[in-house]
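Residue numbers start from 1 in every chain, and the chains themselves are labelled A, B, ... in the order their sequence lines are given, proteins ahead of strands. Heavy-atom basis, side chains included; hydrogens, waters and symmetry copies ignored.
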Amino acid sequence: MSEKLYTPQSIEAKWQTRWDESGIDIANEDQSDTRPSYYCLEMFPYPSGNLHMGHVRNYCLGDAVARYKRMQGFNVLHPIGWDAFGLPAENAAIKHGKPPAEWTYANIEQMQVQLKRLGLSYDWSREIATCKPEYYRWEQWMFTKLMKKGLAYRKEAEVNWCDPCHTVLANEQVEDGVCWRCDTPVHKKNLAQWFIKITDYADELLNDLDQLKGWPDKVVGMQRNWIGKSSGAEVSFKVENSDEVLDIFTTRPDTLMGVTYMAVAAAHPLALQAAENNAELAVFLEECSTISTKEADVATMEKKGMALGINAIHPITGEAVPVWVANFVLMSYGTGAVMSVPAHDERDYDFAKKYGLNIKQVITNAAGDADVNDAAYTDAGVLIHSGEFDGLKSNKAKKTITHWLTTHGKGEQRTQFRLRDWLVSRQRYWGTPIPVIHCDDCGTVAVPEQDLPVVLPEHLQPTGGASPLADCEEFVNTTCPQCGKAAKRETDTFDTFMESSWYMNRYTSASCDTAMVNADAMEKWSPVDQYIGGVEHAVLHLLYARFYHKLMRDMGLFDGDKVGSEPFKNLLTQGMVLLDGTKMSKSKGNTVDPKDIIEKYGADTARLFTLFAAPPERDLEWSDKGVEGASRFLNRVWVLLDKVGNTYQGQADAKTTKTLRRTIHTHIQRVTHAFEQGFAFNVAIAAMMELSNALNAFEACDDEGKAVFEEGAKALVTMLAPLVPHFACECGEKLGFETIAVMAAWPEVDESALVQDEINLVVQIQGKKRGEIIVSPDVSQDDALLAAQADEGISKWLEGQQIVKVILVKGRLLNLVVKPA
RNA sequence: GCGAGGGUGGCGGAACUGGUAGACGCGCUGGAUUUAGGUUCCAGUGUCUUACGGCGUGAGGGUUCGACUCCCUCCUCUCGUACCA
């Protein structure tokens, strides 16, 4: 018995070696290759050292796509690399006392082996690691160009600061408001930081979303909301007894007459100034500086505030309204100040109630009976208590009031984006050095192109305190490229989203050492035809990558007309891998190690299960029993192939043979359709299982039967090839395929095999199924009705009833609407 | 808080543009093979009901000849929320 079983351990290595030797996974750059090109990309991994099930799922999906497209006749680019900079390497370095570089390179080596065991068809000749100077030098080059264009600039921004550790903490390193290492409360601190002006591209990033027909609607929607274009007015409030002006943005200028106070951020200059001779206020501002910088925390915390003791002058009425500081106003958003209209904004309403501030209703509903006694009235409506603007509807009032402000020099119509400029500097060691030199005389100077790359020293050891780069004299000390005097290098590094924002383009030209990308290669491969990765990247990574692609285009690195302005044509966002309903994670201890599964069942079983257990975009619940089921299926197919060429004593007459052939071709059609419709591999596999079951139930008793059975077996093996490539190759060899199964042509549907002489037509009465009739596929409504009335099981439902309506859905059902006669 | 997505048997899921709900797999039950266990094979398996049949896709309402599918209200879970990647 065991001899009959398929043994993955012995065949998987064999086929992996053959694929390697034949070079079938290398994307062909040869001009003479006339196949259309197809670029399939999975989000590259962070080299944590261990391949987890999330990776396995991601790469099995991508490999199935890449292999399917090769079989469809495409010249496929399917690259892999490493997103190698980042915080975890520094954490590991602190823990193990080894430099992050050492840890990272060792992990990459380990994960290469793990990936290869899965039998993924990668073009390893294009492998990149973002921590290598030959990669990040182009990122540095790009940044210096952006500085020249004025698209990169320096500005103060808040960071999480830990005093004892003397370092900036990532949000992830702040746990319940204290430092993860020393438990000291974290507070905010301002630091000069580098930004890239993504807001200059906000409109294009928004408009080009319309091009992304191959993206899930949800991702497009999330990006649209993230960019958050809104129109409204900028309004200037004079500060009483001062030359200062408080500028605010509002989407509701129609409620301007209802302003009863102003709110500014704790870090706002007006607040800081007022606190200088107000001890109580200073304490409050200090308290505000300890709250989280996370938007979710800011939005859900208790709203607190304090009067600054100064007033602003209402631009229209000239009345004085008090200026408050409020912990929910963010300095990083807009101007760090807002006008407050408690009558028509929920948050302002709650705040006003809490602190006894005035509430002035200026909008009412059409009936004129809306009140604000218990809650804010936030809908649009008609203006009241608004002087000359009374009686205007909200929409009209927005324009009228904005116009009034404009003509009086106190404001103007403005478009505001929720999107903020991209803060790209990090106060960390393991990242791309920002290519800038600080000179006492010349200021901030970009490193000239010929001096790039600024190479990160890889031997340094982080301690958890300040970046070791700052203490590395041979790195820090340099000369000013402009005046030649002694100067210091910037010791901040780039956000790792910088590296992952352009890697998809670098793969097209991985070995190019004269430019960031090669324009011809970009034309051949870009944009990515199919991008696959986790939905957690729906906004940040995917937005930054879209932005970067446009930056590269505008830098003239490729022809935008030929390549296009978007880097990813189609996007598949895969779900997470769960165990017992929660995400598999090391910290929770609910992981399944892919290595164990591969050792026990083979890579193909692991691949088959992850593709079968859930649709790609949904979360996948891990099931050991399900894995066994996948393994059983492969065994059943393996045994099934022994029947090829054999004749049995069955009753497979001509009709049964014809039915089998129809089944084979409807299933080729269904599998192909499932592949084409969003890569629904789970549905495709179910259809292949059905085909396998149908073949298994068939016993050929003549040559015709044998031939059809063989046709079905070959189609099944061919369609399995993108999913379980080792298994399919071995089966293909067994069946005498002319080429190895993974290079075989995808089976084609023979339309003539699909034709049916008669079908089962469902008969419904009042929409409920009451029976079936056997009719010709193109039966007329009248004939179908006669056949239904002639059927005993159906006609009993028609006794004493009058048929008032007949609906025939061709090939599907007949519905009779009746009423008592 | 805000933004987005999901909820179908005991479980994972299927159902083309509104047209037979539960394909396929897991589990379970019974049987065959086996000294036994495992494996493998065969049959059954939404639920209530003796049956006829009724009821069933998170809850409630609506549109329709017909609703898992479209509309409204609500509940709930998941993801993102800008220094994790």
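- Contact annotation for A:R770: backbone-only contact, meaning every heavy-atom pair under 4.0 Å involves sugar-phosphate atoms and none involves a base.
- The CH2 atom of A:W638 sits 18 Å away from the C1' atom of B:rU39 (whole-angstrom rounding).
- Here the P atom of nucleotide B:rG1 and the CG atom of A:L330 are 17 Å apart, to the nearest Å.
- For A:Q764 and B:rG19, the CD to P distance is 11 Å, given to the nearest whole Å.
- Within the shown strands, nothing qualifies as a pairing partner of B:rA21 under the Watson-Crick or G-U definition with both distances less than 3.5 Å.
- Residue A:N693 is in sugar-phosphate contact alone, with no base atom involved, counting any heavy-atom pair closer than 4.0 Å across all strands shown.
- Nucleotides B:rC74 and B:rG30, compared at atom P, are 49 Å apart to the nearest Å.
- Comparing the P positions of B:rG60 and B:rG22 gives an interatomic distance of 22 Å, to the nearest angstrom.
- If you check every strand for non-hydrogen atoms under 4.0 Å, A:K769 touches a base.
- With a 6.0 Å cutoff to the six-membered ring centre and a 45° limit on the axis angle, A:K229 does not count as a cation-pi contact of A:F417.
- Pair check for B:rG60 finds B:rC72; Watson-Crick or G-U wobble, both atom distances under 3.5 Å.
- Across all strands shown, B:rC28 pairs with B:rG44; the Watson-Crick or G-U wobble distances both stay below 3.5 Å.
- Separation of atoms NE2 (A:H187) and CG (A:N160) is listed at 10.5 Å; rounding is to 0.5 Å.
- Atom-to-atom, NZ of A:K805 to P of B:rU64 comes out at 11 Å; the value is rounded to the nearest Å.
- Side chain of A:N682, nearest nucleotide from B:rG53, B:rG19, B:rG13: B:rG13.
- Look at A:E156 and A:K189 and you find no salt bridge, because none of the NZ, NE, NH1 or NH2 atoms lies under 4.0 Å from a carboxylate O.
- Along RNA chain B, the nucleotide closest to A:K218 and the one closest to A:Q677 are compared, and the more 5′ of them pairs with A:K218.
- Regarding A:L814, its CG atom lies at a distance of 12 Å from the C1' atom of B:rG19, rounded to whole Å.
- Side-chain rings of A:F681 and A:F612 stay apart, their centers remaining 6.0 Å or farther from each other.
- For the pair A:P462 and A:W430, the minimum side-chain heavy-atom distance is 4.5 Å or more.
- Taking only side-chain atoms of A:L813, from C-beta outward, the nucleotide of B:rG19, B:rG53, B:rG1 with the closest atom is B:rG19.
- Between A:Y136 and A:F85, a ring centre-to-centre spacing shorter than 6.0 Å is recorded.
- For B:rG1 and B:rC70, the P atoms lie 26 Å apart once the distance is rounded to whole Å.
- Within the 4.0 Å cut-off from OP1 or OP2 of B:rA21, not a single side-chain nitrogen or oxygen of A:K768 is found.
- When Watson-Crick and G-U wobble pairs are counted only if both distances are under 3.5 Å, B:rC84 pairs with no nucleotide at all.
- Under the Watson-Crick and G-U wobble criteria, each requiring two contacts below 3.5 Å, nucleotide B:rG37 is left unpaired.
- Comparing the C1' positions of B:rC52 and B:rU45 gives an interatomic distance of 22 Å, to the nearest angstrom.
- Residue contacts shown for A:K819 are absent, as no nucleic acid heavy atom lies under 4.0 Å away.
- Here the separation of B:rU47 from B:rG38, taken at their P atoms, is 25 Å to the nearest Å.
- The environment of CD in A:Q802 is crowded: more than 12 heavy-atom neighbours from other residues, nucleotides or ligands sit within 6.0 Å.
- Nucleotide B:rG66 carries an anti base; the chi torsion (O4'-C1'-N9-C4 or O4'-C1'-N1-C2) is more than 90° from 0.
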* Quick one: what's the B/S/- string for nucleotides 80-85 of chain B, heavy-atom cutoff under 4.0 Å, read 5' to 3'? -> SBBBSB
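- Partner assigned to B:rA4 is B:rU78, using Watson-Crick or G-U wobble distances below 3.5 angstrom.
- Within 4.0 Å of A:W797, counting heavy atoms only, lie sugar-phosphate atoms of the nucleic acid but no base atom.
- For B:rG9, there is no paired base (Watson-Crick or G-U wobble, both distances below 3.5 Å).
- Spacing between B:rG19 and B:rA32 at atom C1', rounded to whole Å, works out to 42 Å.
- For the pair A:F351 CZ and B:rG1 C1', the interatomic distance rounds to 16 Å; values are reported in whole Å.
- For B:rG7, one of the phosphate oxygens OP1 or OP2 lies less than 4.0 angstrom from a side-chain nitrogen or oxygen of A:R618.
- The pair A:R426-A:D495 counts as a salt bridge, with a side-chain nitrogen and a carboxylate oxygen less than 4.0 angstrom apart.
- Of the candidates B:rA15, B:rG27, B:rG53, the closest approach to any side-chain atom of A:K625 belongs to B:rG27.
- From A:Q764, atom CD reaches atom CD of A:Q766 across 10.5 Å, with rounding to the nearest 0.5 Å.
- The CD atom of A:E621 sits 15 Å away from the C1' atom of B:rG6 (whole-angstrom rounding).
- Nucleotides B:rA23 and B:rG12 are separated by 15 Å at their P atoms, to the nearest Å.
- Within the 4.0 angstrom heavy-atom criterion, only backbone atoms of the sugar-phosphate kind lie near A:D619; the bases stay farther away.
- The side chain of A:N815 lies closest to B:rC65, out of B:rC65, B:rA4, B:rG53.
- The shortest side-chain heavy-atom distance between A:P45 and A:I80 falls under the 4.5 Å cut-off.
- What separates NE2 of A:H673 from C1' of B:rU17 is a distance of 11 Å, to the nearest Å.
- Comparing the P positions of B:rG25 and B:rG46 gives a spacing of 15 Å, expressed to the nearest Å.
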